[in-house]
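These notes are about the structure you will find just below.
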2 protein chains.
Amino acid sequence: MGVLEKVKRAGARVAKQAPAVLPLDTILRQDCIEAMRGLPDKSIDMIFADPPYNLQLGGDLNRPDGSHVDAVTDEWDKFDSLAAYDKFTREWLAQARRILKDDGTIWVIGSYHNIFKVGSAIQDLGFWILNDIIWRKANPMPNFKGTRFTNAHETLIWASKGEKSRYTFNYRSMKTLNDELQMRSDWEFPICSGQERLKKNGHKVHPTQKPEALLYRVLLACTKPGDVVLDPFFGTGTTGAVAKRLGRHWIGIDREGVYVEAALERIAAALPLDESALQTMQAPKAAPRVAFGQLVENGYLAPGTVLSDHKARWRATVGADGSLSCDGQAGSIHKLGATLQGAPSCNGWTFWHYEDQGGLKPIDALRQTYLLATQP
Amino acid sequence: MGVLEKVKRAGARVAKQAPAVLPLDTILRQDCIEAMRGLPDKSIDMIFADPPYNLQLGGDLNRPDGSHVDAVTDEWDKFDSLAAYDKFTREWLAQARRILKDDGTIWVIGSYHNIFKVGSAIQDLGFWILNDIIWRKANPMPNFKGTRFTNAHETLIWASKGEKSRYTFNYRSMKTLNDELQMRSDWEFPICSGQERLKKNGHKVHPTQKPEALLYRVLLACTKPGDVVLDPFFGTGTTGAVAKRLGRHWIGIDREGVYVEAALERIAAALPLDESALQTMQAPKAAPRVAFGQLVENGYLAPGTVLSDHKARWRATVGADGSLSCDGQAGSIHKLGATLQGAPSCNGWTFWHYEDQGGLKPIDALRQTYLLATQP
DNA sequence: TTTCGTAGTGAATCCTGCT
DNA sequence: AAGCAGGATTCACTACGAA
């Protein structure tokens with residue numbers, strides 16, 4: 001075969017699938033920027049990246065019960081400055097852009113520590129943001145000291161190479177997955193724990209392993225079977241395991257031998273998804289929780305309104321924050337109800353009543369009204 | 001009055017409240033950067049900003065039924081380039097930083113079009129991000145073309161002026177508002193519609209009016225009554241209306257006469273909540289501190305009494321000076337508890353128990369009894 | 001077999017006032 | 001300014017052993 005014919009053949013293969021030189025279904029144990037430099041231009045269908053977050057944690061943190069929080073203290077998450085993190089981010093993103101096909105897309109996950117730097121760099125490099133996606137954690141770690149809001153989500157950015165890019169989006173799959181409603185930009189999943197969490201000698205192998213359900217949705221939404229997915233921060237290979245299950249090719253990059261070893265073993269054991277596993281991906285959603293404060297915030301009950309129990313033995317006033325107060329005592333609808341009755345607990349929703357058309361109605365009726373008004 | 005006395009008086013007022021020169025409860029009809037230049041350094045308790053999103057929309061959009069989507073096409077949302085938007089963002093944020101008190105905080109709301117640029121600038125200017133907050137829209141506009149995920153949220157950034165800043169966070173209020181669970185970083189509210197949406201001649205006055213419930217939570221969480229809240233992109237004055245309701249001062253800035261007019265009328269009609277409703281749950285530390293020794297001094301616990309933890313693993317004896325001793329070790333209720341458990345710290349009030357009617361009760365109960373008996 | 005209580009843990013920028 | 005000491009602070013889920 002002559003050179004020309006080889007080129008033609010190679011060209012034909014590039015159009016339909018990844019070039020033969022791509023190290024398909026392989027982990028490159030290298031620095032991510034170096035490894036990407038070795039990959040050809042415009043050869044990857046999708047990049048999923050979970051880069052270091054640059055958390056900048058302070059001292060130790062203990063739970064109220066005194067136990068110690070196992071924080072992310074790994075060297076790979078340390079940077080000398082914000083500027084150094086910015087530089088690193090722009091370097092790996094530039095390589096990612098080079099090796100991405102013109103109609104490919106990139107996903108990056110992060111938290112408020114780094115996602116604004118990442119998003120800003122993505123825009124500066126010419127990417128076109130398609131969505132930002134919120135991963136709502138069903139079970140986040142609380143804020144133990146009561147100093148901020150519970151940090152209960154992470155953010156993903158989904159971007160194409162440019163405004164005119166013809167990217168893959170499996171709209172029907174997403175709608176089916178979401179019970180025939182359009183898939184929204186906020187996704188709820190539990191954090192990775194239990195059987196899914198990789199352990200070695202009783203300890204987690206990687207401090208930030210992502211749930212497979214998250215990757216499952218990303219890959220199902222934005223790749224086709226046979227596509228090549230690159231993960232430049234492969235870790236324990238969640239991307240590879242899910243890609244294999246969904247019939248996509250994958251390429252992983254990671255420097256750490258411990259992670260590479262665990263990932264190889266894990267991916268070798270990964271099997272195509274069966275029906276029962278697919279069911280667990282679509283866990284039935286519980287009825288949404290409504291806090292009494294929401295009714296106050298949304299004007300269903302004005303602060304200053306007087307509530308009473310059904311026998312009108314106690315009268316209490318609604319506070320601006322959804323608290324109730326009565327004779328100098330104050331608390332939530334449940335706490336105050338319990339205190340006044342001298343009971344260990346109390347369902348404030350059924351205990352407290354408001355006046356409506358001359359009669360007393362339990363505030364639970366307002367909750368139902370609110371639910372009907374706000375839920376589709 | 002001499003100059004010195006004037007300065008002293010002015011100084012005293014600065015410490016306790018905003019300087020007299022602040023245009024409290026006023027709308028400045030000016031460019032936001034110009035207007036902020038006219039305000040004094042370190043004079044504002046909180047800034048809430050809803051800047052232009054730089055949406056960069058393409059052509060017209062119609063719903064599947066053919067009706068037309070009324071998009072944000074106003075001049076104030078147009079910028080020549082991403083760089084121009086970046087420059088504008090850094091300029092107004094720099095002014096905001098200058099006029100903000102050292103312990104003040106800033107909130108900025110945005111979408112994926114601009115929030116990464118905003119967040120990146122916030123970090124570069126030295127602000128310290130405390131949380132990013134997700135406003136989950138209960139009723140977002142669908143993606144009519146089926147080309148992306150439904151854009152169902154917006155992002156807010158909450159930041160202090162620096163890492164060491166002692167910002168206001170009404171933890172208890174937030175917990176009460178959320179039915180005795182820590183408030184999370186994802187908030188659900190309906191979009192602003194119905195009666196709340198300001199209209200003129202049947203058309204909405206402002207294309208991006210925010211729901212009052214959103215501002216209500218922000219102001220309740222991070223300001224105190226009497227604080228000064230500045231909104232440099234005032235629009236139709238949601239921030240002012242909610243601030244007035246909650247007994248906070250406000251300053252608004254907007255160039256557009258139509259918005260200013262609507263905002264003035266709206267705020268004039270807003271009713272402040274009365275004192276009782278405003279009494280938000282205060283942190284226990286607002287209550288006077290009680291030293292363990294006071295309980296001993298006042299006969300609530302006799303020296304020589306034996307205390308134990310709830311599992312009765314340790315037994316310690318109360319000293320005449322309010323110390324505790326156990327197996328030759330002695331110290332405060334907190335120190336000894338920490339030492340015995342090998343923990344870095346310990347809340348002695350909840351750790352140590354005394355015997356009461358055959359059961360164990362935490363000594364914190366005695367403190368409550370003491371407080372009730374001694375406080376008016 | 002089911003239920004219940006205890007223990008453990010997760011990408012966390014996690015205290016405040018006084019000397 | 002740094003150090004010390006008082007004392008305030010957690011939600012959802014998993015695993016496991018006991019009843």
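Proteins come first, then strands; the chains are lettered A, B, ... in the order of their sequence lines, and each starts at number 1.
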Closest listed nucleotide, where the reference is the side chain of A:Ser193 and the choices are D:dT14, D:dT10, D:dG6: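 Ranking D:dT14, D:dT10, D:dG6 by closest atom to the A:Ser193 side chain puts D:dT14 first.
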Can you identify which nucleotide, out of C:dA11, C:dA12, D:dA12, has its nearest atom closest to the A:Asn139 side chain?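 Nearest listed nucleotide: D:dA12.
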Report yes if at least one side-chain N or O of [X] is closer than 4.0 Å to OP1 or OP2 of [N]; otherwise report no.
X	N	result
A:Arg197	C:dA11	yes
B:Arg289	C:dC18	no
A:Lys204	C:dG10	yes
B:Tyr171	D:dT10	yes

Between the base of C:dC14 and the ring of A:Phe144 - centre-to-centre under 5.5 Å, planes within under 30° - is that a stack?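 Per 5.5 Å and 30° rule: no stacking.
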Look at the aromatic rings of A:Tyr85 and A:Phe79 and report parallel, tilted or perpendicular, splitting at 30° and 60°.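 The arrangement is perpendicular - the two ring planes meet at more than 60°.
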Relative to the 5' end of DNA chain D, which residue comes earlier, A:Ala138 or B:Thr350, by the nucleotide with the nearest heavy atom?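 Upstream on the strand: B:Thr350.
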Identify, residue by residue, the members of residues 337-349 of chain B with a heavy atom below 4.0 Å from DNA chain D, and return them in order of residue number, or none.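 Listed by number, they are B:Ser345, B:Cys346, B:Asn347, B:Trp349.
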Given the side-chain rings of A:Tyr53 and A:His113, with only the six-membered ring counted for Trp, is the space between their centroids under 6.0 Å?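 No; A:His113 has its ring centre 6.0 Å or more from that of A:Tyr53.
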Pairs counted as Watson-Crick or G-U wobble with both distances under 3.5 Å: what dot-bracket string results for DNA chain D, using | for bases tied to another strand? .|||||....|||||||||
